[in-house]
Q: 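Provided herewith is a single structure, encoded as structure tokens, for subsequent inquiry.
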There are 2 protein chains.
Amino acid sequence: MRIGELAERTGVSVRALRYYEEQGLLTAERSESGQRHYGDTAVDRVRMIQQLYAAGISSASILEMLPCMVTGLATPEVLAKLHGHRSSVVKQLDELRETLLRLDTVIAGASATFESGVPKPCPHV
Amino acid sequence: MRIGELAERTGVSVRALRYYEEQGLLTAERSESGQRHYGDTAVDRVRMIQQLYAAGISSASILEMLPCMVTGLATPEVLAKLHGHRSSVVKQLDELRETLLRLDTVIAGASATFESGVPKPCPHV
DNA sequence: TAGAAACCTGACATTAACGTCAGAGGCAGG
DNA sequence: CCTGCCTCTGACGTTAATGTCAGGTTTCTA
């Protein structure tokens with residue numbers, strides 16, 4: 001498939017796909033005229049990239065990890081990187097949970113204010 | 001306390017603190033000569049700001065929410081915003097959990113490779 | 001009362017993952 | 001062949017939260 005179709009099937013912009021290639025995260029066959037052509041596996045590849053991005057992992061790190069993400073095999077160095085990223089993801093999870101608790105506390109307090117029939121303006125601090 | 005001490009106590013740079021003030025997230029008394037002076041509550045305030053940043057909430061949104069984060073009171077509009085941010089935090093949590101699972105799968109596979117005594121180079125995809 | 005250390009404002013630099021535009025070539029239908 | 005849509009490269013724009021530097025004032029310390 002060509003780049004437009006890949007973009008549509010993954011929900012990622014054409015620009016982003018070219019950027020991935022630029023970063024070495026995604027490769028493409030080229031037609032005689034220079035147009036990119038992708039196999040079906042590219043769809044999964046792009047989705048994986050997106051997922052790692054969503055975890056706050058940089059393209060440089062993804063580049064190191066990606067080949068092994070596909071096969072499940074890794075060098076010791078890559079394995080160490082993976083553990084490192086796992087830690088940071090766990091840390092992010094903890095922080096997010098804490099933030100969620102705080103948000104819930106605030107929301108509960110604010111909601112109670114309204115339910116009590118006493119809508120007060122937001123006071124200045 | 002002055003800005004340097006606040007920076008040290010919160011682990012945030014002086015530049016960042018001035019930026020928070022610029023964004024309206026943090027206020028300071030000014031001495032005769034114009035130097036910022038903070039009360040002890042500023043420490044908590046800064047930590048809260050950092051936590052919200054960590055949740056991917058923009059400074060503009062924080063600005064809307066912050067007064068009410070302190071008092072637990074909110075206008076209906078702010079309450080709606082809070083719910084919106086709650087949703088996005090929950091979504092982030094889900095995505096992170098999914099990513100963690102994927103990472104664990106890969107790590108498990110890679111670790112097994114080593115434990116089996118067959119360290120293989122990372123193959124090309 | 002120096003001189004160092006901390007502070008001030010203002011402004012330009014940085015980073016990442018794209019968006020957007022320009023100018024040009026490629027491809028399928030009518 | 002023409003039209004319209006897709007694609008190409010290259011390059012500059014964007015955003016957010018700072019970093020960094022310059023040039024000047026204030027505050028602490030010896």
Side-chain angles (χ1 to χ4, degrees), chain A residues 1-39 42 45-66 81 85 88-89 92 95-96 99, chain B residues 1-39 42 45-66 81 85 88-89 92 95-96 99:
Chain A
M1 84 196 82
R2 291 189 301 171
I3 198 171
E5 187 182 342
L6 180 58
E8 200 173 349
R9 283 172 62 176
T10 56
V12 167
S13 75
V14 168
R15 176 67 176 88
L17 294 177
R18 287 199 268 250
Y19 175 74
Y20 296 166
E21 180 173 322
E22 195 180 322
Q23 300 301 305
L25 303 181
L26 184 63
T27 58
E29 305 282 308
R30 293 302 186 112
S31 72
E32 193 63 23
S33 62
Q35 298 206 343
R36 293 169 179 84
H37 287 272
Y38 301 92
R45 170 73 69 108
V46 171
R47 289 196 178 131
M48 193 179 302
I49 293 170
Q50 284 280 301
Q51 226 178 69
L52 293 172
Y53 273 140
I57 297 173
S58 74
S59 56
S61 296
I62 295 177
L63 181 58
E64 296 170 331
M65 299 163 34
L66 205 50
K81 289 260 179 191
H85 285 303
S88 89
V89 170
Q92 278 183 69
E95 287 171 354
L96 271 185
T99 302
Chain B
M1 85 195 80
R2 291 190 303 170
I3 198 170
E5 187 181 343
L6 180 59
E8 200 173 348
R9 284 173 60 176
T10 57
V12 167
S13 74
V14 168
R15 176 66 176 90
L17 294 177
R18 287 200 268 251
Y19 174 75
Y20 296 167
E21 180 172 322
E22 195 181 322
Q23 300 300 305
L25 303 181
L26 183 65
T27 58
E29 305 281 307
R30 293 300 187 113
S31 73
E32 192 64 25
S33 62
Q35 297 208 343
R36 294 170 179 84
H37 285 273
Y38 301 92
R45 169 73 68 109
V46 170
R47 290 198 176 131
M48 193 179 303
I49 292 171
Q50 285 279 302
Q51 222 176 75
L52 293 173
Y53 273 142
I57 297 174
S58 73
S59 57
S61 296
I62 296 177
L63 181 58
E64 296 171 332
M65 298 162 35
L66 203 51
K81 289 259 178 194
H85 285 303
S88 89
V89 170
Q92 278 184 68
E95 287 171 355
L96 271 184
T99 301

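Lettering of chains follows the sequences in order, A, B, ..., and the numbering in each one begins at 1.
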Q: Using a 4.0 Å heavy-atom cut-off across all strands, classify Ser31(A) as base, sugar-phosphate, or nothing.
A: nothing

Q: Please state how far atom CD1 in Ile62(B) lies from atom C1' in dA17(D), giving the value in whole angstrom units.
A: 11 Å

Q: Using the side chain to side chain contact (heavy atoms under 4.5 Å, CB included) definition, which of the options Arg18(B), Met1(B), Arg2(B) pairs with Arg36(B)?
A: Arg18(B)

Q: What heavy-atom pair brings Glu21(A) and Tyr38(A) nearest, and what distance separates the two atoms?
A: OE1-OH, 3.9 Å

Q: How close do Arg45(A) and Leu25(A) get, heavy atom to heavy atom, and via which atoms?
A: NH1-O, 2.9 Å

Q: For Glu22(A), does the CD atom sit with more than 12 other heavy atoms under 6.0 Å from it, leaving out its own atoms?
A: yes

Q: Can you find a side chain N or O atom of Tyr19(A) that sits less than 4.0 Å from OP1 or OP2 on dA17(C)?
A: yes

Q: Distance check needed: dT20(C) P versus Arg15(A) CZ, whole Å only.
A: 11 Å

Q: Assign each of Tyr20(A) and Gln35(A) to its nearest nucleotide of DNA chain C by heavy atoms, then name whichever residue's nucleotide is nearer the 5' end.
A: Tyr20(A)

Q: In this structure, how many angstroms lie between the P atom of dA17(D) and the CG atom of Leu26(B), rounded?
A: 15 Å

Q: Where each residue is assigned the nucleotide of DNA chain C containing its nearest heavy atom, which of Val14(B) and Ser13(A) is assigned the position nearer the 5′ end?
A: Val14(B)

Q: Regarding Arg18(A), tell me which of base, sugar-phosphate or nothing describes its non-hydrogen contacts under 4.0 Å with the strands shown.
A: base

Q: Of the nucleotides dC28(D), dT18(D), dT9(D), which one has an atom closest to the side chain of Arg36(A)?
A: dT9(D)

Q: Counting only side-chain heavy atoms from C-beta out, which of dT18(D), dA16(C), dT9(D) sits nearest to Arg30(A)?
A: dT9(D)

Q: Return yes if some donor-acceptor pair links the side-chain N/O of Ser61(B) with the main-chain N/O of Ile57(B) below 3.5 Å, else return no.
A: no

Q: Could you tell me the separation between the CD1 atom of Ile3(A) and the P atom of dC5(D), rounded to a whole number of Å?
A: 19 Å

Q: Please report, rounded to the nearest Å, how far the P atom of dA17(D) is from the CG atom of Leu17(B).
A: 14 Å

Q: Can you tell me the distance, in whole Å, between the CD atom of Glu21(A) and the C1' atom of dC8(D)?
A: 11 Å

Q: Closest-nucleotide mapping onto DNA chain D: is Tyr38(A) or Ala16(B) further toward the 5' terminus? I mean the 5' end.
A: Tyr38(A)

Q: Leu63(B) has an atom CG; how far is it from atom C1' of dA17(D), in whole Å?
A: 15 Å

Q: May I have the distance from Glu5(B) (atom CD) to dA5(C) (atom P), rounded to whole angstrom?
A: 18 Å

Q: Can a side chain N or O of Ser33(A) be found less than 4.0 Å away from OP1 or OP2 on dT7(D)?
A: no

